[in-house]
Amino acid sequence: MDMEEVFKKLEEWGCDVEGALERFLDDKDLYMTCLETVITDRNFDKLGVALAERNVLEAFDSAHTLKGVFANLGLTPMFSIVETIVEPLRGGLVYNLDENYKELLASNEQLKGILGK
Amino acid sequence: MKKENTVLIVEDEKVNRLSLAKILGDTYEIIEAENGREAIQILEEDPERISAIILDLVMPEFNGFQFLEVYAKSKTFGMIPVVIVTIEGDLETEKKCLQLGAWDFVGKPYDASIIQLRLKNVIDRSENQVSKELRRRTQFSELGNIYNMSMFYYVTREMLDRHPDKKFALIHMDIEKFRLINAFFGRKEGNELLKYVAKYLNKLDYMNEAVSFGHMSADVFGVCLSYEKIEDIINFMHGMNTYMAEYPLEFDLSVVYGIYLIEDSTYHVSEMYEYANQASKSCKGEFNIKNYAFYDSKMGDDIVKEQRIVNNMRSALAEEEFVIYLQPKYELQSDTIAGAEVLVRWIDPKAGMISPGDFIPIFERNGFIIKLDLYVWEKSCQLLRKWLDEGHRVLPISVNISRVSLYNPRLVEVLCGLMDKYNIPPELFQLELTESAYTTNQSSIRSIMTNLQEKGFVVMMDDFGSGYSSLNILKDIKVDVLKIDMRFLSDTEEDARSENILAAVVRMAKWLNLPVVAEGVERKEQVLFLKGIGCEYVQGYYFARPMPVAEYEDLAFSETTVEHSGIDVQKKESEDILNQNSQLELLFSNMQQAVAVYEYGDGKLDLLRVNDAYFDLFSFEDVNDIQRSLDVDLADDAKAILRAAFEQVVENEDASECEVLRKTTKGEIWISVKLKYISPVGSRHIIYGYINDITARKEIDAELQKYRNALTMVESREETILIVDDQEVNRVSLQCIFGEKYRILEAENGRQALDVLSEEAGNVDIILLDLQMPEMSGAEFLAHKKTTPDLSEIPVVIITADDTTEQQIDTMRMGADEYIVKPFIPEIVTRRVENVLDSYRSIRRMSKK
């Protein structure tokens, strides 16, 4: 898929592609590489396991890391979802986050779709 | 192109590392670490290479906070600036990071220009700091804002050249026992103290244009001060001392000053400084009598001597050149050994015996005494163990705990450890603490002592009476035994006065149930006197010098008591006692105790022989007097008691004793007579008698009895203070101080006071007495009170305007228990009066028991 087309789809989805590219000093290839890296980030799985085990600290670390990555990559919709997981975890609440987690996985699927993976 | 600076990115998320590397890669060399631990490895390997660190906080394994904790303590990379990347924006997190030494923050998502700007700033700042730091290091001490030694020499030289017309003094200042502060409170506390001193010196700069100062080494500061009069220098020291006294540390802080008055300012500054240093050394270790000294050209010799001692002390300890000596303590009344004090001698293979007076003060100053103490304690334990193993009847030995060792927070642990290691009952290992140790830092000493006593140690107060606060100390600190040095007393000009003081101390100790050991007993008169006042134990050259261990063992383990040895020998060879040429004669006539040999039979008593001590006791000059005295000097009832004792000893052929009052040329005395049966001679019997003067004990018994009686009457009621002062204003102010807690009675002079006392009959607990009053003065009142049995036991606190030592002694001589000074300071007045009341209460409690 054409890189520009991907960026366009991301913008349509609500991502801040322009801001992200600024961070990558307009290095579009590097940006693409990073986007392709993020969809397989181990923290998606780690977060799932930690939530299932009710392990607040590990769940927080993973969600928090993802939040930073999404912020840097301008993945605003994913950032908003992960934020709904990070904040309860920060307060020590690990219950009732399954729905949010499913939503997060779905958003990753959507990203994969956009990237044609 | 090789980039000038290298940045270490510490971030677990690859995407973030990539984007940071992208942002910074053009300007900096980039090194990446996936977590804190990896970053530390990189930094430790090559800290010089890294110019800045970018740190993520949330990482698995070893997170950003953990990294910062290591970073904050690191000497190798703690100077490298750290920029935190965070999406927290959380004030608490930021504060925590800053406390741990982070330099700045950037948020996520990254803003390239902000990151670059912040990084550039921190790197610039740190370079700036490094060069500044280098400059500082060549001029300033590690304390910060104060010159180091070479800079001090330099600016002092310049100052001296600039003011050729002024007089200058070079002062060497150091903090006493600073090493101990470092050892016991930690280096950080020590450094804080040094900075505190530096701060004061920095203030001098503003006050005096001709002054220079520097931090010379560890705890030593150099000051060069212009002066007109010597008082200027004294004032400087006074100011410093006052400032030091304000420092919040549970430690007796004092500064020692060595002063060199510069005569020829062309000398090299370092040379002048060395003179000041010598002066300083000359005034150390004299029990803080003097904390400053001026340089005098004779000082060089002492320094050499001291240096020799310091150079050799460690090897001497290793080579066991420090040798234990024991000085026996005797139970005075029975003349038997009651234990020994452990003393240390330094036997140098080359120099011979070095006097403890030469090396102990030096060791106390440089802290080596801690090692020596420990060595002596251990050797003493080994000795006790050996004696126990050999099956001897082991008498306790006492070791000295130097003041310096008392500062060791682990003291109790160390001593208990030794007891465990050698399996020694702590009551055999007694501890002597010098009185002056109690006057500083009482609260901590008290807790150490309580702790030691709870563990079973006997604690003796050494050199009692050498400090000013002795009497007060006894109430606050519960020692088990008092030691009084006779040499301290013989310093005073009037013998009678020192005897009074000693007698008062012994009496007071008896009230408090404290045994007294008199040490430094050198003369026969002292022995007789001590016996007379009821002192229990003695130690001194008169009885035995400090001796090597083997000699002590011969003495202690072969000795049966004198009383026994006398008797045992006499059973075998009773004639010897009567034979003036016998070997026993020497023993007999030289015994410290009054002894007599009697012949008794058919109700008739004859004296066959007496020894010198017997003469002394009854002040006889002629043997004929003695014979006559048996009939004349005893009252009829005393005669009956004495005869009954003789009848008893004849009947049981063993022993008996009695106590009687008898006349002497000096007045009446109470004596105890212990009789021992020796052998029959025809129808009569030879009996040996030991006579002791027990007048003092009897008096105490009588006094205690009075207390006991008084106690039963007064225990449960409200306590009453009688204020005797002609000035209404004084009475009113004392009324204000005590009125709430006590019932107050008032009198305007001694006469009125006597009236009040007779009305109140036994209800007054304490009298506060002014001295200058019309009609009947305080002194007259006291004289009257002393001779009136019902009044003599009421404690008196003198009201005075004169707070001198002389006054204290006078007050005591007049029979007062304390004094309070005008104008009244409520806290002090209350404390003193309550102290006296407390001690009387405790006497009452004891006598009740």
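Proteins come first, then strands; the chains are lettered A, B, ... in the order of their sequence lines, and each starts at number 1.
Interface remark: A:L73 contributes side-chain atoms only to the contact with chain B (heavy atom separation under 4.5 Å). If you measure heavy-atom distances from B:D12 to chain A, the contacts under 4.5 Å come from both the backbone and the side chain.
Within 6.0 Å of the CD atom in A:E58, the count of heavy atoms belonging to other residues, nucleotides or ligands does not exceed 12. Annotation for A:E11: atom CD counts as buried by contact number, over 12 foreign heavy atoms lying within 6.0 Å. The environment of A:N96 atom CG is sparse: at most 12 non-hydrogen atoms of other residues, nucleotides or ligands sit within 6.0 angstrom. Annotation: A:R54, atom CZ; neighbour count of heavy atoms from other residues, nucleotides and ligands within 6.0 Å is above 12.
Between B:N16 and A:V69, the shortest heavy-atom contact is OD1-CA, 3.8 Å. Residue B:K22 comes nearest to A:D27 through the heavy atom pair NZ-OD2, 2.6 Å, listed as atom of the first residue, atom of the second, then distance. When every heavy atom of A:C34 is checked against every heavy atom of B:L18, the shortest pair comes out as SG-CD1, 3.9 Å.
Rounding to the nearest 0.5 Å gives a distance of 7.0 Å between CG of A:L25 and CD of B:Q116.
Interface check for chain B: of the options A:V86, A:T37, A:L30, A:V38, the most heavy-atom pairs under 4.5 Å are formed by A:L30. Between chain B and the options A:E22, A:R42, A:K67, heavy-atom pairs under 4.5 Å are most frequent for A:K67.
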Derivation and outcome, side-chain contact (heavy atoms from CB on, under 4.5 Å), residues A:D41 and B:E13: CA-CA 9 Å; A:D41 195 303; B:E13 194 56 46; 2.4 Å; yes

